[in-house]
Colleague: 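Supplied in structure tokens, the structure appears directly below.
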Amino acid sequence: MNKKYLILLILLMIRPVLVLSQTTIEAMYETSLSAIDAIRNNDIETFKGLWVEKIIKESDDEGLQILFNNAADILNKYDGLTPLESLHLGITHIIHDYKYAKLGTLVFTFPPTKKPQLLSDEHIVFGFSDEIEENKIVSFKVSDLIGPAKELAEQKGLRPHFEKFNFKFENLNWFRLWYDKGPVQNDLGNESGVYALKGNQNKLINNNADTIFSEILSLVNSAIIDSTDIYYSKVNIFGAPEYVFIRMKFDDLPYKECGEFRILTILTEENDFDEMYKDYIIIKHSDTNRYFLPIDKNKELWDKLKDLAHIDFGNSVEINP
């Protein structure tokens with residue numbers, strides 16, 4: 001197989017909307033949808049008809065069939081697709097007929113995401129180049145990050161993601177609640193606008209916060225999870241927003257073996273700063289396993305987190321958080 005035509009080159013995320021017109025992007029999207037329909041219908045001949053003829057003729061049929069089948073395996077698991085406005089767009093170059101040609105790419109992620117900043121575990125990628133032929137596919141790639149992530153997790157002895165949680169307040173061993181009011185004007189926090197409250201169940205009971213904390217755990221148990229990933233970095237906030245961050249440890253198995261569970265959500269963005277994760281409640285455990293809970297589908301949970309953060313805990317907070 002002529003791999004140079006079927007391998008996605010490194011995406012240069014250089015604001016491709018400034019290089020590709022909206023009309024071009026929409027045409028790429030429509031052709032990609034036609035290709036996806038052909039894959040769903042197991043119609044490889046129609047799929048081939050969407051390609052630049054010279055490139056598809058030079059491609060190895062067996063290799064293309066493997067990619068086609070891999071894409072079908074992904075599509076069979078999901079009904080929806082990432083909308084155009086949330087797709088990853090990339091610009092790079094390929095060599096065609098001994099010349100460099102600009103390549104625009106569309107990355108469909110699965111599970112489908114609502115924000116282009118979020119990248120799910122599986123990808124189907126289509127490449128286009130008007131310098132070769134308009135509205136015709138010139139490259140195609142299927143990526144599966146689940147396998148490598150799971151393998152890495154196994155190597156490090158990490159736990160797989162939970163499908164659902166079953167937290168109980170009576171099993172809470174320790175917690176630390178951190179609040180930063182960011183741009184919001186209120187009476188909470190120290191001179192830097194932050195406060196921290198930590199302890200065990202009794203700390204929450206003595207501050208009349210045990211009920212709301214129990215409600216938060218129950219809502220987490222029934223939460224709608226959009227997607228998950230393996231993520232080692234501790235960076236989830238990029239500006240100076242109002243946010244709440246909860247760290248927790250539990251006595252019961254299997255949660256006892258997962259170390260800290262962390263819940264983070266942004267309550268108010270910093271003025272003129274677009275936070276990457278503003279639409280999500282993020283849960284993380286084992287320092288690696290992240291869960292994205294869309295706020296619009298878990299609004300009651302987000303409201304409870306905000307209510308908890310806005311409680312005035314008086315002298316119970318840490319002196320120097």
Side-chain angles (χ1 to χ4, degrees), residues 1-75 78 81-110 112-113 115-145 148:
M1 176 172 59
N2 194 333
K3 293 184 178 179
K4 69 181 179 182
Y5 295 128
L6 288 175
I7 291 180
L8 171 70
L9 302 178
I10 298 173
L11 299 183
L12 303 177
M13 302 307 289
I14 52 173
R15 297 187 65 83
V17 292
L18 299 180
V19 181
L20 300 173
S21 70
Q22 186 63 29
T23 301
T24 298
I25 294 172
E26 290 174 356
M28 290 165 57
Y29 186 67
E30 290 302 317
T31 302
S32 298
L33 293 183
S34 297
I36 287 172
D37 284 342
I39 295 170
R40 289 192 190 275
N41 294 323
N42 194 29
D43 186 353
I44 194 165
E45 293 306 317
T46 295
F47 178 75
K48 288 181 177 180
L50 298 169
W51 282 69
V52 172
E53 184 176 1
K54 179 179 180 180
I55 292 177
I56 201 64
K57 283 184 175 180
E58 292 180 353
S59 300
D60 176 66
D61 285 343
E62 182 179 354
L64 183 64
Q65 185 70 59
I66 291 173
L67 289 175
F68 187 88
N69 293 343
N70 291 342
D73 289 341
I74 293 175
L75 292 169
Y78 305 99
L81 293 172
T82 300
L84 174 59
E85 62 271 15
S86 298
L87 281 179
H88 289 259
L89 303 176
I91 290 292
T92 185
H93 290 81
I94 61 172
I95 297 176
H96 178 72
D97 285 343
Y98 306 101
K99 297 178 182 179
Y100 279 102
K102 183 171 62 183
L103 179 73
T105 56
L106 292 183
V107 183
F108 290 81
T109 63
F110 300 87
T113 59
K115 290 174 66 65
Q117 295 94 335
L118 297 179
L119 203 62
S120 298
D121 293 322
E122 297 171 297
H123 315 148
I124 297 176
V125 186
F126 297 100
F128 299 85
S129 177
D130 285 353
E131 295 175 7
I132 299 175
E133 186 173 347
E134 291 185 0
N135 303 331
K136 290 289 187 178
I137 299 171
V138 300
S139 69
F140 174 53
K141 181 180 179 182
V142 180
S143 299
D144 179 6
L145 304 183

Colleague: How far apart are the closest heavy atoms of His123 and Thr109, and which atoms are they?
Modeller: CD2-CG2, 3.9 Å
Colleague: Using 0.5 Å steps for rounding, measure from the CD1 atom of Ile25 to the CG atom of Leu106.
Modeller: 7.5 Å
Colleague: To the nearest 0.5 angstrom, please state how far the NZ atom of Lys54 sits from the OG atom of Ser59.
Modeller: 12.0 Å
Colleague: Residues in side chain to side chain donor-acceptor pair (under 3.5 Å) with Ser34, at least two apart?
Modeller: none
Colleague: Identify every side-chain donor-acceptor pair in residues 35-42 under 3.5 Å, counting partners at least two apart or on other chains, and give the distances.
Modeller:
| residue | atom | partner | partner atom | Å |
| --- | --- | --- | --- | --- |
| Arg40 | NH1 | Leu75 | O | 3.0 |
| Arg40 | NH1 | Tyr78 | O | 3.2 |
| Asn41 | ND2 | Asp37 | O | 3.0 |

Colleague: What are the two closest heavy atoms between Ser143 and Ile74, and how far apart are they?
Modeller: O-CD1, 4.3 Å
Colleague: Under the side chain to side chain donor-acceptor pair (under 3.5 Å) test, which residues partner Asp130, sequence neighbours left out?
Modeller: none
Colleague: Any donor and acceptor pair, going by atom type alone, linking the side chain of Lys141 with main-chain N or O of Leu67 inside 3.5 Å?
Modeller: no
Colleague: Keeping the roles fixed (side chain from Glu131, backbone from Lys102), state whether a donor-acceptor pair exists under 3.5 Å.
Modeller: yes
Colleague: Give me the ring orientation class for Phe126 and Phe140: parallel if the planes are under 30° apart, tilted from 30 to 60°, perpendicular past 60°.
Modeller: parallel
Colleague: Of all the heavy-atom pairs spanning Ala71 and Val142, show the shortest one and how long it is.
Modeller: CB-CG2, 3.8 Å
Colleague: Start with the C-alpha gap between Ile91 and Leu103, add the side-chain angles, then the distance that decides, and say whether side chain to side chain contact (heavy atoms under 4.5 Å, CB included) holds.
Modeller: CA-CA 6 Å; Ile91 290 292; Leu103 179 73; over 6 Å; no
Colleague: Report the residues that fulfil side chain to side chain donor-acceptor pair (under 3.5 Å) with Glu134, sequence neighbours left out, ordered by chain and then residue number.
Modeller: none
Colleague: Tell me whether the count of non-hydrogen atoms from other residues, nucleotides or ligands lying under 6.0 Å of CD in Glu53 goes above 12.
Modeller: no
Colleague: Quick one: sort the Tyr29 and Phe108 rings into parallel, tilted or perpendicular, breaks at 30° and 60°.
Modeller: parallel
Colleague: Once you round to the nearest 0.5 Å, how far does CD1 of Ile137 lie from CD1 of Ile55?
Modeller: 10.5 Å
Colleague: Might you work through the side chain to side chain contact (heavy atoms under 4.5 Å, CB included) test for Ser139 and Phe128, ending with a clear yes or no?
Modeller: CA-CA 7 Å; Ser139 69; Phe128 299 85; over 6 Å; no
Colleague: Search all heavy atoms of Asn135 against all heavy atoms of Ala27 and return the closest pair with its distance.
Modeller: OD1-CB, 3.0 Å
Colleague: Quick one: do Leu64 and Asp60 satisfy side chain to side chain contact (heavy atoms under 4.5 Å, CB included)? Show the steps, please.
Modeller: CA-CA 6 Å; Leu64 183 64; Asp60 176 66; over 6 Å; no
Colleague: Could you tell me which non-hydrogen atom of Lys136 sits nearest to which non-hydrogen atom of Trp51, and how far apart they are?
Modeller: CD-O, 3.6 Å
Colleague: Taking salt bridge (Lys or Arg N to Asp or Glu O under 4.0 Å) as the definition, give me every residue that meets it alongside Asp61, ordered by chain and number, with sequence neighbours left out.
Modeller: Lys48
Colleague: Restricting to side chain to side chain donor-acceptor pair (under 3.5 Å), what partner residues turn up for Glu26, sequence neighbours left out?
Modeller: Gln22
